[in-house]
Amino acid sequence: MEKDSASLFGKSIVALENFSSEEIRLVLNTARKMKQIIRRGGDKKLPNLRGKAIVNLFYEPSTRTRTSFELAGKYLGADVVSINSSTSSIVKGESLRDTLKTIEAMGVDAIVMRHKAEGSADFATKVVKSIIINAGDGAHAHPSQALLDLFTIEQHKGRLAGLKVAIVGDILHSRVARSDVYAMTKMGMKVHLAGPKTLLPRFFDFEGVKVHEEVNNAIINADVINVLRIQLERQQAGLFPSTREYSQVFGINEERLRLAKDDVLILHPGPQNKGLEISTKVTYGENSAIQEQVQNGVAIRMALLDLTLNGGAK
Ligand code: NCD
């Protein structure tokens with residue numbers, strides 16, 4: 001029997017390094033219930049977070065993450081406000097500390113935050129008492145993305161432990177890869193990382209993780225391939241040869257897919273550079289769960305908000 005002692009009530013979600021497998025399990029189980037609510041026809045609105053206020057504070061661009069956090073809060077009955085850094089006092093030079101303090105003074109229960117600086121979400125937990133949910137801090141962490149990746153995999157494969165996952169691409173600049181590695185190894189998955197040498201960090205060489213320079217070695221017999229976007233905005237010039245060469249050597253196309261298991265599941269956090277890291281055929285092919293990841297993102301974010309602000313769905 002699984003212990004039900006894990007709780008995220010009142011906690012901020014900054015990274016998954018210190019998450020226990022019981023806490024991950026709690027989020028996945030809660031997300032399963034949330035997904036049923038999203039998918040049932042008619043009224044999606046729950047009363048769980050009625051009277052709670054959530055602010056989305058995004059200093060970096062986002063489509064999926066910001067919209068799904070916003071909808072997640074609204075589906076749970078909270079009041080949700082999204083602040084756009086380009087139309088707020090941030091453009092007048094207001095510091096992160098002052099912005100956080102200002103938001104807190106309005107009686108906000110949770111702040112969902114995305115910022116280009118690594119460590120900014122952790123900093124926020126020290127500045128304000130509101131719950132902080134990290135929606136991406138530089139190249140450091142993106143916990144809700146890793147949880148939705150796990151959720152999507154488990155929904156398709158019925159399990160996590162023992163599965164081989166290949167994470168391919170710009171590992172070095174990817175907060176998704178970092179959070180995936182911690183969460184996936186914690187749940188007993190075998191993680192294989194591959195990408196150009198200049199985009200592969202060495203510090204991931206720990207138990208449960210194998211680093212490859214040859215992408216085909218990572219993909220052979222994989223149950224899951226998570227394709228990452230080349231993060232051009234976080235790179236200095238010259239870290240990979242040319243886009244044409246990259247797509248030839250590392251791009252995930254139908255031919256390369258044949259090395260993996262027949263029922264390999266294809267993930268990509270989005271947004272995609274089509275024709276660079278992934279081909280259009282693979283994106284829209286029968287192995288792809290990329291579109292489903294987006295819906296699962298709403299369910300996972302509902303779970304995180306409900307567990308941290310309310311202690312869990314009743
Ligand atoms: C990811 C991000 O912002 O870190 N996108 C997302 O949240 N869906 C990955 C990326 O930008 O490549």
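We count ligands from 1, going down the list as the structure has it; atoms in each ligand are counted the same way. Here, residue 1 is the first one in the sequence, and each next residue gets the next number.
- The backbone N or O of Q231 sits nowhere less than 3.5 Å from a side-chain atom of R229 that would complete a donor-acceptor pair.
- Of the residues listed (M34, E154, Q155), the one engaging N296 in a side chain to side chain contact (heavy atoms under 4.5 Å, CB included) is Q155, and it is the only one.
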Mind running salt bridge (charged side-chain N to carboxylate O under 4.0 Å, His left out) on E254 and R258 for me, showing each step along the way?
-> CA-CA 7 Å; E254 286 189 309; R258 287 193 206 108; 5.7 Å; no

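- Few gaps surround CZ on R40; more than 12 heavy atoms of other groups in view lie less than 6.0 Å from it.
- With K210 contributing its side chain and L193 its backbone, the two residues share no donor-acceptor pair below 3.5 Å.
- Note on E292 versus K35: salt bridge recorded, some NZ/NE/NH1/NH2 to OD/OE distance being below 4.0 Å.
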Short N or O separations between ligand 1 and the protein, below 3.5 Å:
| residue | atom | partner | partner atom | Å |
| --- | --- | --- | --- | --- |
| ligand 1 | 3 (O) | R114 | NH1 | 3.3 |
| ligand 1 | 3 (O) | R114 | NH2 | 3.2 |
| ligand 1 | 3 (O) | R175 | NH2 | 2.9 |
| ligand 1 | 4 (O) | R175 | NE | 2.6 |
| ligand 1 | 4 (O) | R175 | NH2 | 3.3 |
| ligand 1 | 5 (N) | G270 | O | 2.9 |
| ligand 1 | 7 (O) | T65 | OG1 | 2.9 |
| ligand 1 | 7 (O) | R114 | NH2 | 3.1 |
| ligand 1 | 7 (O) | H142 | NE2 | 2.7 |
| ligand 1 | 8 (N) | P269 | O | 2.9 |
| ligand 1 | 8 (N) | G270 | O | 3.2 |
| ligand 1 | 11 (O) | R229 | NE | 3.3 |
| ligand 1 | 11 (O) | R229 | NH2 | 3.0 |
| ligand 1 | 12 (O) | R229 | NE | 2.7 |
| ligand 1 | 12 (O) | R229 | NH2 | 3.4 |
| ligand 1 | 12 (O) | Q231 | NE2 | 2.8 |

